[in-house]
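Small disclaimer: the values here were computed from a predicted structure and weren't measured. The analysis underlying the following values was restricted to heavy atoms, covering all of them including side chains, and did not include hydrogens, waters or symmetry mates. Proteins get letters first, then strands, A, B, ... in listed order; numbering begins at 1 in each.
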Amino acid sequence: MPDGGYRERVDLDVVEERPYRFRVEPRDGMRVPGVVFASRELLRDAEQSLRQVAGVATLPGIVGASYAMPDIHWGYGFPIGGVAATDVAAGGVVSPGGVGFDISCGVRLLAADCDRRALRPALAAVMDGLGRAVPRGAGPGGVWRLGGTAELERVLRGGSRYAVEQGHGEERDLLRCEDGGAVADADVDQVGPRARERGLGQVGSLGSANHFLEVQVVTEVYDTAAAEAFGIAAGQVCVMIHCGSRGLGHQICSDHVRAMDRAMARYGIEVPDRQLACTPVDSPEGRAYVGAMAAAANYARANRQLLSHAARRVFRREAGVRLGLVYDVSHNLAKIETHSVDGEPRRLCVHRKGATRAFPPGHPDLPADLRDAGQPVLIPGTMGTASYVLAGVPGGDAFHSTCHGAGRVMSRHQAARTVTGKELRARLEGAGIAVRPLSMRGLAEEVPEAYKDVAAVVEASEGAGLCRKVARLEPLGVVKG
DNA sequence: ATGTTC
C-alpha cells in the first residue's frame, strides 16, 4: 500500500464566506476551490483535513468544488466528510480513496410498534437476545452461512433484494432502501479471490470500532410532518444498525488502489498524494473499480438486511414487538448521478466519503410516501450519546449531500487510556443504557469523549442549508464489537 | 474501517 499523506506546504488561503461555509482558494494545481461547511469550532485542528480538501481539488474532471461536511476529519487520501464529483464524459476520475475502505458503510433505522414504557419490562431480555444473535467484532462470523462462491455472487448482485427473496425480510423493506436495496452495476468478476474469501463468512455481522446496533428511543421531534412520513414519533422505540462491507469491501479497496496506483501514469494523471490514486471512470481500471465497489455496496446492504432480520426475531420473541424499516442509506459510496453543471445536465461520478446523500422533497428517485418530506438521512451518534434523523432540503448544496456522524478527535489508544471498559460500562449502565460489548478494550476505545459532538455537527449541517433536523434519538441499549 | 502491519 502506498504510504502517502501530505507534506507540509505553505498555509492555505481559507475564507469564511458566510456562517457555516468556508472557501479554500484554488492554488497549487487545484482545478476548483474547496468548500467546507462547518463552524470555526468544528474546524479547530483541521489543517491536515483542509489540505486533503485541496488535494482532492486537483483531481482530473472535478466539477464545482472539493466539498467537505461539518464532520470533516483526516482520512485515507480524501478527508472523511469529503464530497467530490467528476464529469465522466470529460475524463473525470474515480478514486477508491474517495469512498474509503469500508465501502457502503451505512445506517439502517427500524421503528418498533411500541413506546419505551411498553418495552421496559422486556428490555433486558431483548438486549440479552440481541447480544446472542448479533455476530460482532473483528474476523469471521455472520448470521448467514453462504453455500459458496455462487451464493456470494448472488449477494453481490442482489444486495438486500436477494436477502429478502431468501426470506430474510419483507418486500416492503426494499421500498425503504436506497436504490431499492441493490445497485444495478455490480460486476462480480472484478471482486478478487481474497475479497471473496473474506466475504464468505461475514454476511450478517457488525464488525468493530464505531459500528453498533442500538435500541433507541425518540426523545425529540423537530419536524412532525416529516417524522410522520418516516413513521416515527416521540417516545417510540427504534433500532439503529451501523455497519458496512467488512473485510470484503476493505480488500476491494486495497486491490483497486494498488491497480490504479500502477495504471495512473499511463493516463498522464499526477496527484499530490499517492493515496489519491485514481483513473478515469471511463477506463478499464475505473470500470473495474466501479463494478467491484457496487458489488461491495450490495454486500453491505445484505449485511444490514440480515442484521435487521436477526433483530426482528429477537424483538418478536422477547417482547412481541414488530420492527418496520424507516430507511437504509450509505455514507461511503461513489455513484454515477446526473446533476446540472452550469445549467447543463451532466453525468457525474459523485464520491461521498463519510457524507450522506440527501435528496430534496420532490426528487423522482424517492418512494411516493417520502416524496413530500425528502429523503431520510440517518446520523449515528457516538455510543451512549444521541443519534439523529434528518431530511434532504430543496436547493441542498454539494450534489445533495450532508454529514454522516461525529468525527473522531482522539486516537483509539488515547481513548483507551482515559477510561477502562469496565468503568465505561458502569457509567453507561448508570445512565440507564444497557451494554452488550464483545470486548472491554473495544468499548473503552469508543468512549464518547473520543468523538466530536454530533449535535454540533448536525447544527452546522442544518445551518449550512444541507439538511433539516427531523428527530433526535437516545440509546436504551448498545450492542458492540 | 480492517484476519487492527503482506
Side-chain angles (χ1 to χ4, degrees), chain A residues 1-5 49 52 71-82 95-107 135-142 146 152 191-213 241-259 261-262 275 292-293 296-297 299-301 303-304 307 330-334 351-356 380 382-383 404-417 421 437-446 450-451 480-481:
Chain A
M1 184 66 51
D3 181 14
S49 319
Q52 293 192 312
D71 41 345
I72 179 172
H73 56 290
W74 186 84
Y76 181 90
F78 283 54
I80 294 162
S95 174
V99 172
F101 276 85
D102 194 1
I103 298 169
S104 206
C105 180
V107 186
R136 56 200 188 275
L146 293 178
L152 176 67
V191 178
R194 290 180 77 189
R196 286 164 183 252
E197 191 185 317
R198 293 178 70 173
L200 260 175
Q202 297 185 323
V203 198
S205 66
L206 272 184
S208 55
N210 64 346
H211 289 166
F212 64 71
L213 183 151
I241 299 170
H242 178 204
C243 65
S245 52
R246 306 291 331 275
L248 178 127
H250 192 275
Q251 191 65 48
I252 286 172
C253 182
S254 301
D255 292 348
H256 289 261
V257 164
R258 185 175 294 114
D261 186 57
R262 288 179 184 144
Q275 294 185 354
M293 176 198 66
Y299 185 94
R301 288 138 191 245
N303 194 17
R304 291 192 285 272
L307 290 173
S330 166
H331 49 232
N332 281 5
L333 204 58
H351 302 72
R352 294 187 183 89
K353 178 190 192 176
T356 314
T382 305
M383 176 188 66
H404 89 301
R408 206 171 240 290
V409 289
M410 218 185 270
S411 73
R412 308 196 159 283
H413 186 71
Q414 243 180 318
R417 272 195 327 210
L438 192 72
S439 111
M440 282 301 167
R441 163 82 193 191
L443 193 70
E445 288 175 349
E446 295 302 311
Y451 287 86
K480 283 198 67 66

Note to self: Can you identify which nucleotide, out of B:dT2, B:dT4, B:dA1, has its nearest atom closest to the A:Ser208 side chain?
What the structure shows: B:dT2
Note to self: What is the separation between atom CZ on A:Phe212 and atom C1' on B:dA1, rounded to the nearest whole Å?
What the structure shows: 15 Å
Checklist line | Interatomic distance where CG belongs to A:Asp255 and C1' belongs to B:dC6 [whole Å] | finding: 12 Å
Next item on the list: Look at all strands and tell whether A:Glu445 reaches a base, only sugar-phosphate, or nothing, counting heavy atoms closer than 4.0 Å.
Entry: nothing
Margin query: Please confirm whether the shortest side-chain N or O distance from A:Arg246 to OP1 or OP2 of B:dT2 is below 4.0 Å.
Written below: yes
Note to self: Tell me the interatomic distance from A:Tyr451, atom OH, to B:dA1, atom P, rounded to whole angstroms.
What the structure shows: 5 Å
Note to self: Nearest whole Å is fine: how far is B:dA1 P from A:Phe78 CZ?
What the structure shows: 19 Å
Next item on the list: Could you please name the option among B:dT2, B:dT4, B:dC6 that lies closest to any side-chain atom of A:Ala138?
Entry: B:dT4
Notebook entry, point to check: Using the ring of each side chain (for Trp, its six-membered ring), is A:His404 parallel, tilted or perpendicular to A:His73, with breaks at 30° and 60°?
Noted result: parallel
Next item on the list: Using a heavy-atom cut-off of under 4.0 Å over every strand shown, decide if A:Gly244 touches base, sugar-phosphate, or nothing.
Entry: nothing
Check: Over how many whole Å does the gap from A:Gln251 atom CD to B:dT4 atom C1' extend?
Finding: 14 Å
Next item on the list: For A:Ala355, enumerate each residue passing the side chain to side chain contact (heavy atoms under 4.5 Å, CB included) test, keeping only those at least two apart in sequence or located in another chain.
Entry: A:Met69, A:Val83, A:Arg352
Check: Can you check the A:Leu248 CG to B:dT2 P distance for me, whole Å?
Finding: 12 Å
Check: Rounding to a whole Å, what distance do you find between A:Arg304:CZ and B:dA1:P?
Finding: 14 Å
Note to self: Please determine whether a side-chain nitrogen or oxygen atom of A:Arg412 lies at a distance below 4.0 Å from atom OP1 or OP2 of B:dA1.
What the structure shows: yes
Notebook entry, point to check: What is the minimum heavy-atom distance between A:Leu438 and A:Gly137, and which atoms define it?
Noted result: CD2-CA, 3.6 Å
Check: Would A:Arg136 and A:Ser208 count as having a side-chain donor-acceptor pair, cut-off 3.5 Å?
Finding: no
Next item on the list: Write down the distance between CZ (A:Arg258) and C1' (B:dT2), rounded to a whole number of angstrom.
Entry: 14 Å
Can you give the donor-acceptor pairs under 3.5 Å from side chains of residues 409-416 of chain A to other protein atoms, not counting sequence neighbours?
from: A:Ser411; atom 1: OG; to: A:Gln414; atom 2: N; distance (Å): 3.0
from: A:Arg412; atom 1: NH1; to: A:Glu446; atom 2: OE2; distance (Å): 3.0
from: A:Gln414; atom 1: OE1; to: A:Ser411; atom 2: N; distance (Å): 3.1

